[in-house]
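Here's the structure we're looking at; comments come further down.
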Amino acid sequence: MARAKTALLQGTLDLIVLQLLQAEPTNGYDLTLRIQAVSKDVLNVNAGSLYPALYRLEERGLIRAAWEATEKGRKAKVYSLTPGGKKHLTNERDSWQRFSGALAAILKTSS
Amino acid sequence: MTTRDRIRLRLRALFKRNVVEREMNDEIQFHLTRAAERLIERGLSERDARAEAEREFGDVTRVREQARDARGGWWIDDVMRGLDLRFAVRSLLARPGFAMTVMFMLALGIGANTAVYSVISAVVLHPIAVDRPDRVFAIFETSRTSRYEQSSYDSYRHFKAATQGTALLGAEFETTLFVGDPRGGEDVTVSLVTDNYFSVVGVRPALGRLLVSSSESISSGDPVAVLSASIWRTRFGGDSNVVGRILKIGGQSMTVIGVAPDGFRGTDLRESPSVWIPLATLPTFHLELFSNALTTSSSMRVLRVIGRLNDDRRLGAVSSINDLAGIGKAGRSESAIVMPVNEAAAAVRNRDDLIRFLGLLAGVVVLTLLMASLNIANLFIVRADERASEFGIRMALGASSTRIALGLVSEAIVLFALGGSIGVGIAELAMRSVVAFTLPGGVAMGNVALRLDWRVLCLTLTVSLVTAMIFALIPVGRAARSTVLDVLRSRSGMRSVMGGRRVVLAFQVAISLMLLVGASLFVRSLNVGLNTELGFNPKPLAAVRLQPSFVGTDDERVARYTQIVNALAQERGVISVAATTHIPLGGFRPLPFSPGDAGASPGSADQSTMMGLASVTDAFFDVIGVSLLSGRRFGEQDRAGAPRVAIVNETAAKALCPGRDPVGCQFNFVNDRTYTVVGIVRDTKYSALNDSNVPFAYAPIAQEETKGSVDFIVRSNMPSAMFSMMARVIAETAPELKSNRPRLVIDGINAVLMPQRIGAVLLSSFGAITLCITAIGIYGTISYAVTRRTDEIGVRRALGAQRHAVILLVAVESAASVAVGIATGVVAAAVTIRLVRHLLYGVTTGDGISYTTAIAVLLGVSVLAAIIPAARATRIDPARAMRSR
């Protein structure tokens, strides 16, 4: 792997998953591809962390799952946001933006 | 997501584990397939693509585990997986000795507790099966001598008048009558009851109908009978056509009208009636002495008065008859006590004795269970210690401490399930065998509706499980705290637990000693009781009973007795023969007698003496071996129609003829008949061994109306060989009669000594059990010391230590505990035995022999239990011990 990869910050995976699922309900595999694509290959999410994250979010009631047929006739488990998940995402996004703004400001001053 | 969705999801995760797992697998498979497809598109071969996809995905198993953790209910899932019962069974089978010991102790502890508490619950809490027992009560009169007298007919009528409107009052009188015809039948307990009896107790018939409340006094009565469920089953085979049949009861024909329900056994646990008949039929029986006295003498306190509150009041606040209706204010000298029927049922007079006895029993079994639990815990600790390296290795391989703890819990569950089931078996067995027992206060266990109490079973199981669990898990906590290397390098010491073990051992020794002291006291009581000076010698006496009340006139009956006595006297081996209405140690019902002749003392109740009266043939005193102190014996002149004569015992002589020469003095029975004393004999014990100074009189059988049963007593050197001869002779001499109840007079002592016998049996059994447990404890402690100090012993042996020095070295490990235990046990025994001192007979609570015996037995067993493992220490090979280090 030539490109530098960034390790995910604690707790950010949930936010990423929720954000992507709000855009479009999708299955686990496509979700990994989409994370890579959207982050321009900077973030490489391991399946080993993604699925536990999905189950955890489902457990917390933020997303729900349903089995749907894909174009190739396979059955895939498609996750989508629940109303609770939407609300949670809005809150989290706001606080993340405040946090990253503050962090950026701090980093700027000290450099 | 709503809460409902969430619950649904969680339940699904828990109970549809297979579905959830399958879906997870499907999802992972889908992921791998799609990833592989993408790689194939990039030109990889199908196999390489698949392999690469799996590599990228990572550890599938770990993902699964993490996913599982992310889901709810994971811990339950974990517990379910951790509780591997199959593994537990395998691991237990690897050490069968341990498993057997634990199960044995558990089964005993649980069995004993379940049985005893089931008995207590049945006897003390729910003895009587009546409708709304909180409204049903019994009334007792209080007199100078007893708090709980039954009532006279007079009092009954008085109570009835006073409680009119507030309660429904009934009365019963229990007696023994012969049911059946002369050629086949038996003596059974018959309860003569007022017609409203069944309305008072509130039971419904199992068959037919019960007595109907028509009259409220004993003035009239149809000859009808209600059978108990048990006699209906045993004697009538549960035949539903029994209603309408004619039964001979006490010689009278009575029509069976119904059967009482199964659970109903009367209102007094001492006697369980087989038949209920109207009280109004009393005068038709042989009991004329009785029915006359009953209506005329207020000293005849033979009625058991029971009642039911009319309204919604409960008995809670009602404790005396005053509360019921202010009877005490009605100007009577005696007061009366109202008692809930459930309390009145079990040993009302000796309730303290009964409660103390049951308390002793309860304490004993609880201590046994506690000891068993501690010992089980002890074994678990030793076992866990042995397995410390196994745990270490398993933890090194990644097993969580939770998983190891769950493994131990699984083993415990298997052991407790098996031990508990065996315990239930033991409890059932024990409860079946106590049916023959009579508890103090005369509570016959056969009369008690005994059922296994499942609540008790669950409780005892939980208590022992929790105790053992706490101790079983100690080593796990220890293992979790220590590093893997610690565990593997050395057997991590359990020294801190040793202090606790010493205390436990001392405690066990103390309890064992306490029980052993109790057991020896009761055994000695029993021995003293069996060798009590009875005033006569019961050993050579054999008796059979006849029911001659069906034959002709009084004269004919007497002639028949004489014939039988003479025929029996001809037989080989017979030293002497007599007939009597009351054999010694067979019990009797006292009747009121007053001093002076009928004219002199106009039947004042206060002066009367309750006295036993037996009708006997002349040879009676020779047969039982009681010598005449003064006066004369009965003779030919004392025939029917001649003036009534009596021979009285010393106590009766003092009571009836104070300060006079008793010979020639007179006493009378309810103004009805006057007896002249012609002789004095020594006192003998007639019902209980500790009843001394019971007034008793003997009258010639020819002068009495003895339509009831008569016993023929034979004195012989081989009394038990006499029965078949006696049956044959009676069959030849009186073919129309049948003899029954062949028995040795000395067997009466066994019935009399029942409380001491039960005490001896129970305390000996539990003493033996706890002694066993203690021995196992000592054995365990010494074994453990030997194992733990193998290195040290090896070194000492190598340096030339003698065998006995080595034995001493390890034996000291438990010597202190045993010493402290014995000291504590002696004190504990001295305190607790006092509670049951009323049940001891002929020995004091501080009986030195009992204490010495108990200590000797305990020491002997302790030494034995210590020697076996200690001897193993002497066989330690120094070279090997050193090498293993």
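Each chain gets a letter, A, B and so on, in the order its sequence line appears, and its residues count up from 1. From a predicted model like this one, the values you see are computed outputs, not experimental measurements.
Proximity to chain A (any heavy atom under 4.5 Å) is restricted, for B/Glu37, to the side chain, taken from C-beta onward. Using a 4.5 Å cut-off between heavy atoms, B/Phe57 contacts chain A through both its backbone and its side chain. Contacts of A/Leu50 with chain B are absent, with no heavy-atom separation under 4.5 Å from either backbone or side chain.
Sparse packing is recorded around CD of B/Glu46, with 12 or fewer heavy atoms of other residues, nucleotides or ligands lying under 6.0 Å away.
Chain B forms more heavy-atom pairs under 4.5 Å with one residue of A/Asp30, A/Leu54, A/Thr32 than with any other, namely A/Asp30.
Using a cutoff of 4.0 Å between basic side-chain nitrogens and carboxylate oxygens, B/Arg55 and B/Glu52 are scored as salt-bridged. Contact check on A/Arg34 versus A/Glu24 returns a salt bridge, with a Lys/Arg side-chain nitrogen under 4.0 Å from an Asp/Glu carboxylate oxygen. A salt bridge between B/Glu54 and B/Arg50 is present, with a side-chain N of the basic residue lying under 4.0 Å from a carboxylate O of the acidic one.
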